[in-house]
Amino acid sequence: MTLGTRLRPEDEANLLVEDRGAPMHIAALAVLGAPPDGRPLDVGAVRRLVADRVPSAPALRSGVVRSGRGWRWSEAPSVDPVEHVVVRRIGEEDDALAAAAALALEAPLDRSRPLWQLVLLIEPSGACAGLLLRIHHALADGGAAVALLGSLFELGEQTAATPRRTRVRRGVLRGLGQDLRMLLGAGDALPVDVPVGRRRRLVLLHADLEDCRLVARAAGARIDDLLLAAAAEGMRALLRARGLPIRPATLRVSVAASLRPPGAAAAGNRSATVVVPVPLDEADPIRRLRRTADADAAARAMPLPRPMGRVLQRWTARAMFRQRLVHLLLTNVPGPPTAARFAGVPVLELLPVPVVQGDLPIAVGALSYAGGFGITLLADRDAVPDLEVFEEGFRAGLAALGVDTEVAARRRPVH
């Protein structure tokens, strides 16, 4: 992103979708341990720390200004930490952290300022239980958001895995097939495919990363395939609980794939999507995983279309609320392989928060961190008031494959 230049079409699309009512920021939730000196994290100290680190991170000074029918990048000469570091109080219930984070997700970011916000989630005791970093999707994709964490967190020596790149199909017309299918409304809808609003529900899960790797490797699958197969079981549970038949036979999932060249700066959006057909009608978890792995491999072997131009991006933003190409969103991002700290406080968990948009009210996000694997289930509260049913099916789907999960929010320390 360069000061004064117009946003790329794929970045503008996130603003266009947001203009239709759905906030388009991604986020990361850090669950904090106890401060080493035993004193609660001071809000003023956090703001001073943020002010000190913003100058070394150009993205944290980046905003947008309207320019004709589009937007151009702007840069704030300074960033007021009082505006960007805010406080939310949480309750004492087991899922208080998840509930407070979900509430903090509901308001869009202020476009008159740089497009990010750090939310301190404070317990009744005054201790800071977690940090929620919100970043507009026009500013960063999942990989870039993880890189921005390094601007604020103390990450130490890191050798994080590089996201797998995906080839881009050459030639504009050859690249439009996938997108035109969405614009034309191809495919069957699921009963949960309804337009999303602003209210959110959030489930935070934790698994062991090595367990996931071993289970996937034994089945000739990838970790993404575990998540896809589990999402299918979650959707099956949701349909059964609502008294609906298990159909269509295929759950089509949009999986984020990195287009960032090796060594390129982790900034902006450099991702595309792979649409993976997951067998929803397959009841056996092992057969479902193997069929999913085959479908995923076939989808990834196909070159992706080039990013769309501005006209098609505008059409797509409008069509998102009535598209029929996909039913669910999934993103899996490699995170820091070793433990991080914030203002000297250990980060126990690091969990991603994706977006829900258009008529896709459920999204699954995953992030590896220090040997753990954080999994987030995000849903529109009104479209999916029974997210706990999807959660139960999702966790049962992983358990049937040999991967145990626990609720990450209940693992937070008692200060």
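These figures come from a predicted structure and were not determined experimentally. We use all heavy atoms of the structure for the numbers below, so side chains are in, but hydrogens, waters and symmetry mates are not.
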For this session: Please determine if Asp11 and Arg8 form a salt bridge, counting it only when a charged side-chain N lies under 4.0 Å from a carboxylate O.
Result: yes

For this session: Can you see which heavy atom on Val215 is nearest to which on Gly402, and at what distance?
Result: CG2-O, 3.9 Å

Problem set entry | Main-chain N/O of Pro385 paired to Arg201 side chain as donor or acceptor, under 3.5 Å | yes

Exercise. Should Phe373 and Asn332 count as side-chain neighbours, where that means a heavy-atom distance under 4.5 Å?
Worked result: yes

Problem set entry | Phe390 side chain near Ile362 side chain, heavy-atom distance below 4.5 Å | yes

Exercise. Any side-chain donor paired with an acceptor under 3.5 Å for His136 and Glu18?
Worked result: yes

Exercise. Ion pair present between Arg199 and Glu106, side-chain N to carboxylate O less than 4.0 angstrom?
Worked result: no

Exercise. Within the side chain of Arg252, is there an N or O that forms a donor-acceptor pair under 3.5 Å with the backbone of Arg324?
Worked result: yes

Problem set entry | Residue that, paired with Glu391, satisfies side chain to side chain contact (heavy atoms under 4.5 Å, CB included) out of Thr405, Asp386, Leu205 | Leu205

Exercise. With sequence neighbours excluded, what pairs up with Glu210 under the side-chain hydrogen bond (donor to acceptor under 3.5 Å, both in side chains) test?
Worked result: none

Exercise. Any side-chain heavy-atom pair from Leu115 and Ser62 closer than 4.5 angstrom?
Worked result: no

For this session: Step through it carefully: locate the ring centre of His84, locate the ring centre of Trp116, and say whether they are under 6.0 Å apart.
Result: yes

Problem set entry | side chain to side chain contact (heavy atoms under 4.5 Å, CB included) partner of Arg88, the single match among Ile122, Leu132, Leu103, Leu120 | Leu103

Exercise. Is a side-chain N or O of Tyr369 found less than 3.5 angstrom from the main chain of Pro334, in a donor-acceptor match?
Worked result: no

Seminar exercise, completed: Between Glu282 and the options Arg291, Arg236, Arg288, the salt bridge (charged side-chain N to carboxylate O under 4.0 Å, His left out) test singles out Arg291

Exercise. Has the side chain of Glu93 got a donor or acceptor atom that lies under 3.5 Å from a matching backbone atom of Asp95?
Worked result: no

For this session: Give a yes or no on whether the backbone of Pro352 and the side-chain of Thr376 come within a donor-acceptor separation of less than 3.5 Å.
Result: yes

Exercise. Side chains of Arg341 and Val345: closer than 4.5 Å at any heavy-atom pair?
Worked result: no

Exercise. Is any side-chain N of the basic residue among Arg6 and Glu12 closer than 4.0 Å to the acidic one's carboxylate O?
Worked result: yes

Exercise. Less than 4.5 Å apart, any side-chain heavy atom of Val196 and any of Asp359?
Worked result: no

Exercise. Is there a side-chain contact between Leu226 and Leu289 (heavy atoms, below 4.5 Å)?
Worked result: yes

Exercise. If you measure only the distance, is there a donor-acceptor pair under 3.5 Å linking the side chains of Ser151 and Arg53?
Worked result: no

Problem set entry | Polar side-chain atom of Asn14 near backbone of Glu10 as donor-acceptor pair, under 3.5 Å | yes

For this session: Answer yes when Arg213 and Asp208 have at least one side-chain N-carboxylate O distance shorter than 4.0 Å, and no when they do not.
Result: no

Exercise. Within a strict 4.5 Å, meaning less than it, do heavy atoms of the Val17 and Arg20 side chains meet?
Worked result: no

Problem set entry | Arg290 atom CZ: more than 12 heavy-atom contacts under 6.0 Å | no

Contacts table for residues 32-51: side-chain donor-acceptor under 3.5 angstrom, sequence neighbours left out:
from: Asp37; atom 1: OD1; to: Arg39; atom 2: N; distance (Å): 3.0
from: Asp37; atom 1: OD2; to: Arg39; atom 2: NE; distance (Å): 3.3
from: Asp42; atom 1: OD2; to: Gly44; atom 2: N; distance (Å): 3.2
from: Asp42; atom 1: OD2; to: Ala45; atom 2: N; distance (Å): 2.8
from: Arg47; atom 1: NE; to: Val85; atom 2: O; distance (Å): 3.1
from: Arg47; atom 1: NH2; to: Val85; atom 2: O; distance (Å): 2.8

Exercise. Can you find a heavy atom in the side chain of Leu109 that is under 4.5 Å from one in the side chain of Arg134?
Worked result: yes

Exercise. Would you call Arg200 and Asp380 a salt bridge, taking side-chain N to carboxylate O under 4.0 Å as the test?
Worked result: yes

